[in-house]
Amino acid sequence: MEATLSRIRPSRLQRLAGSATCAACASCTSTSSSTTRRFSALNRPEPNYPGHVPLTRVERLGMAVGASVMSFFDPYRHDLIAATGEATATPYFIYRLRDAMLADPTGRRILRQRPRITSESLSLPKLRALPANTVGRAYVGWLDREGVSPDTRADVRYIDDPECAYVMQRYRECHDFYHAVTGLPIWREGEVALKAFEFANTLIPMTGLSMFAAATLKPQERRRFFSVYLPWAVRNGARSKELINVFWEEQLERDVDDLRRELGIERPPDLREIRKREREEKKRLKEIQTQGM
């Protein structure tokens with residue numbers, strides 16, 4: 001047998017080995033291709049985490065376009081805004097945000113522990129008992145004033161990577177803390193201003209797309225957004241620490257003004273106070289007109 005093999009030329013042995021290798025590669029490629037082809041709307045792979053819904057590229061594109069257009073006309077449809085955020089953040093932008101967390105010591109701790117922000121994990125009654133100017137009291141005060149709850153944030157479903165899915169979930173659940181620290185209300189004008197701030201801070205496309213909702217504002221509100229709140233949002237969002245790396249659960253007893261200074265955020269003009277003055281001025285002018293008649 002050895003004599004027989006010794007009579008085969010080396011080049012022939014190489015060709016035989018090469019043919020076997022090529023056949024194996026072709027088999028692997030064929031298997032991989034067939035696996036890829038099997039992923040369709042009617043034949044999805046197993047989910048990567050509870051609640052995960054794998055999407056084809058066509059489905060993801062369709063959801064991004066459809067949800068963003070519909071949420072433009074109805075900005076209070078949080079399910080559409082959430083779907084837009086997940087469809088447009090994958091894959092590049094959510095990876096960038098994940099990498100920003102991995103590059104930060106606090107961000108890495110958050111990724112390891114994966115805490116969730118709910119009314120139970122934060123104990124809202126305890127937050128209401130904190131001193132007036134603490135982060136926790138400002139947060140729960142904002143929730144009570146706006147009539148919202150941390151439990152209303154939808155679970156992430158359409159991001160394939162489990163770790164990146166948590167990053168998006170964390171961003172979503174921290175959104176109300178951004179409201180509390182900046183003081184911006186959930187009115188359309190306040191939401192557009194905060195989304196502009198978040199875009200400068202996170203680069204998540206959905207937050208940038210949300211700024212187009214400025215076109216739906218009243219003329220006076222739109223002028224105020226472009227002259228006051230958009231410059232504030234760009235300046236503060238770009239220079240402040242990436243808020244995804246703030247462990248809010250550990251900051252609840254801190255003075256909110258001190259935290260704001262540490263993060264590099266200046267509080268914007270009080271939108272509630274501005275609109276209150278506008279209402280009072282309209283009322284006063286109306287009374288003058290009535291007396292003149």
Side-chain angles (χ1 to χ4, degrees), residues 81-82 84-118 121-122 134-136 138-139 142 150 153-156 158-184 186 190-211 229-268:
I81 295 174
T84 302
E86 294 177 40
T88 56
T90 306
Y92 308 107
F93 298 97
I94 196 63
Y95 285 142
R96 190 213 70 81
L97 202 59
R98 189 273 312 272
D99 291 345
M101 296 185 73
L102 290 173
D104 183 89
T106 303
R108 289 196 296 272
R109 279 201 302 121
I110 294 172
L111 284 177
R112 284 197 302 269
Q113 298 179 22
R114 297 195 179 187
R116 296 292 301 271
I117 296 177
T118 66
S121 67
L122 293 180
T134 57
V135 173
Y139 170 73
W142 184 87
R153 298 298 173 187
D155 290 336
V156 173
Y158 304 113
I159 293 179
D160 295 335
D161 182 82
E163 188 172 50
C164 289
Y166 173 76
V167 173
M168 177 60 79
Q169 189 73 44
R170 179 71 181 180
Y171 155 75
R172 191 174 288 172
E173 294 178 357
C174 290
H175 177 78
D176 290 340
F177 275 103
Y178 307 162
H179 271 293
V181 170
T182 60
L184 290 168
I186 60 173
E191 283 289 359
V192 173
L194 188 61
K195 282 293 186 285
F197 170 85
E198 289 179 337
F199 181 66
N201 192 259
T202 67
L203 299 181
I204 293 178
M206 177 271 296
T207 57
L209 292 171
S210 297
M211 288 190 291
Y229 288 100
L230 181 59
W232 166 85
V234 173
R235 182 174 63 253
N236 285 269
R239 77 180 181 185
S240 68
K241 176 179 178 177
E242 292 204 67
L243 298 189
I244 194 67
N245 290 323
V246 177
F247 214 137
W248 295 100
E249 298 89 332
E250 298 178 351
Q251 306 294 328
L252 298 174
E253 297 184 9
R254 283 195 60 180
D255 184 272
V256 66
D257 295 324
D258 288 343
L259 178 61
R260 197 182 293 117
R261 282 192 291 270
E262 180 181 303
L263 296 177
I265 301 173
E266 59 180 332
R267 189 165 184 174

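FYI, the numbering just counts along the sequence from 1. Computation of the quantities below employed the complete heavy-atom set of this structure, encompassing side-chain atoms and omitting hydrogens, waters and symmetry-equivalent molecules.
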For this session: Would you mind reporting whether R254 and R260 have side-chain heavy atoms less than 4.5 Å apart?
Result: no
Exercise. Quick one: does R114's side chain get under 4.5 Å of Q169's, heavy atoms only?
Worked result: no
Problem set entry | Which atom of E173 lies closest to which atom of I117, heavy atoms considered | OE1-N, 2.8 Å
For this session: To the nearest 0.5 angstrom, please state how far the CZ atom of F93 sits from the OG1 atom of T202.
Result: 10.0 Å
For this session: Report yes if the side chains of N245 and M101 come closer than 4.5 Å at any heavy-atom pair, otherwise no.
Result: yes
Seminar exercise, completed: Minimal heavy-atom distance between V256 and A138, with the atoms involved, is CG2-CB, 4.4 Å
For this session: Locate the shortest heavy-atom distance separating P205 from A89; write the atom from each residue and the value.
Result: CD-CA, 4.3 Å
Problem set entry | CZ on R235 to CG on L230, rounded to 0.5 Å | 10.5 Å
Seminar exercise, completed: Shortest non-hydrogen pair, R239 vs G264, comes out as NE-O, 3.2 Å
For this session: Mind running side chain to side chain contact (heavy atoms under 4.5 Å, CB included) on L243 and I265 for me, showing each step along the way?
Result: CA-CA 10 Å; L243 298 189; I265 301 173; 4.1 Å; yes
For this session: Please report the C-alpha distance between Y95 and D161 in whole Å, then the side-chain angles of each, then the deciding distance to 0.1 Å, and finally whether the side chain to side chain contact (heavy atoms under 4.5 Å, CB included) criterion is met.
Result: CA-CA 9 Å; Y95 285 142; D161 182 82; 4.2 Å; yes
Problem set entry | CD/E266: more than 12 non-hydrogen atoms of other groups inside 6.0 Å | yes
Exercise. Should E86 and M206 count as side-chain neighbours, where that means a heavy-atom distance under 4.5 Å?
Worked result: no
Exercise. Under 6.0 Å between ring centres, would you say that holds for W232 and F197?
Worked result: yes
For this session: Go through the steps for W142 and I186 under the test side chain to side chain contact (heavy atoms under 4.5 Å, CB included), then give the verdict.
Result: CA-CA 10 Å; W142 184 87; I186 60 173; 3.2 Å; yes
For this session: State plainly whether the residues K241 and E262 are in salt-bridge range, i.e. N to O under 4.0 Å.
Result: no
Problem set entry | Nearest non-hydrogen partners of G183 and R267, listed with the distance | CA-NH2, 3.7 Å
Problem set entry | Closest contact, heavy atoms only, A196 versus M211 | CB-SD, 3.3 Å
Problem set entry | Nearest-0.5 Å distance, CG of residue L259 to OG1 of residue T134 | 11.0 Å
Problem set entry | CG-CD1 distance between L102 and I110, expressed to the nearest 0.5 angstrom | 11.5 Å
Exercise. So how far is it from E242 CD to L203 CG, rounded to the nearest 0.5 Å?
Worked result: 7.5 Å
For this session: Report yes if the side chains of E198 and I204 come closer than 4.5 Å at any heavy-atom pair, otherwise no.
Result: no
Problem set entry | Student check: side-chain heavy atoms of R116 and R153 closer than 4.5 Å | no
Exercise. On the ring face of F177, is R170 found with NZ or CZ under 6.0 Å from the centre and within 45° of the axis?
Worked result: no
For this session: Would you check if L122 and W248 make a side-chain contact, meaning some heavy-atom pair closer than 4.5 Å?
Result: no
Exercise. So, the side chain of Y166 versus the backbone of P115: is there a donor-acceptor pair under 3.5 Å, distance only?
Worked result: yes
Exercise. Is there side-chain contact between I244 and D104, with at least one heavy-atom pair below 4.5 Å?
Worked result: no
For this session: Please assess Y171 against T207 for the test side chain to side chain contact (heavy atoms under 4.5 Å, CB included), listing each intermediate value before the final yes or no.
Result: CA-CA 11 Å; Y171 155 75; T207 57; 3.2 Å; yes
Exercise. Distance-only, no hydrogens or angles: does the R98 side chain make a donor-acceptor pair with backbone N or O of V167 under 3.5 Å?
Worked result: no
Problem set entry | Between CG on residue D99 and SG on residue C164, distance to nearest 0.5 Å | 8.0 Å
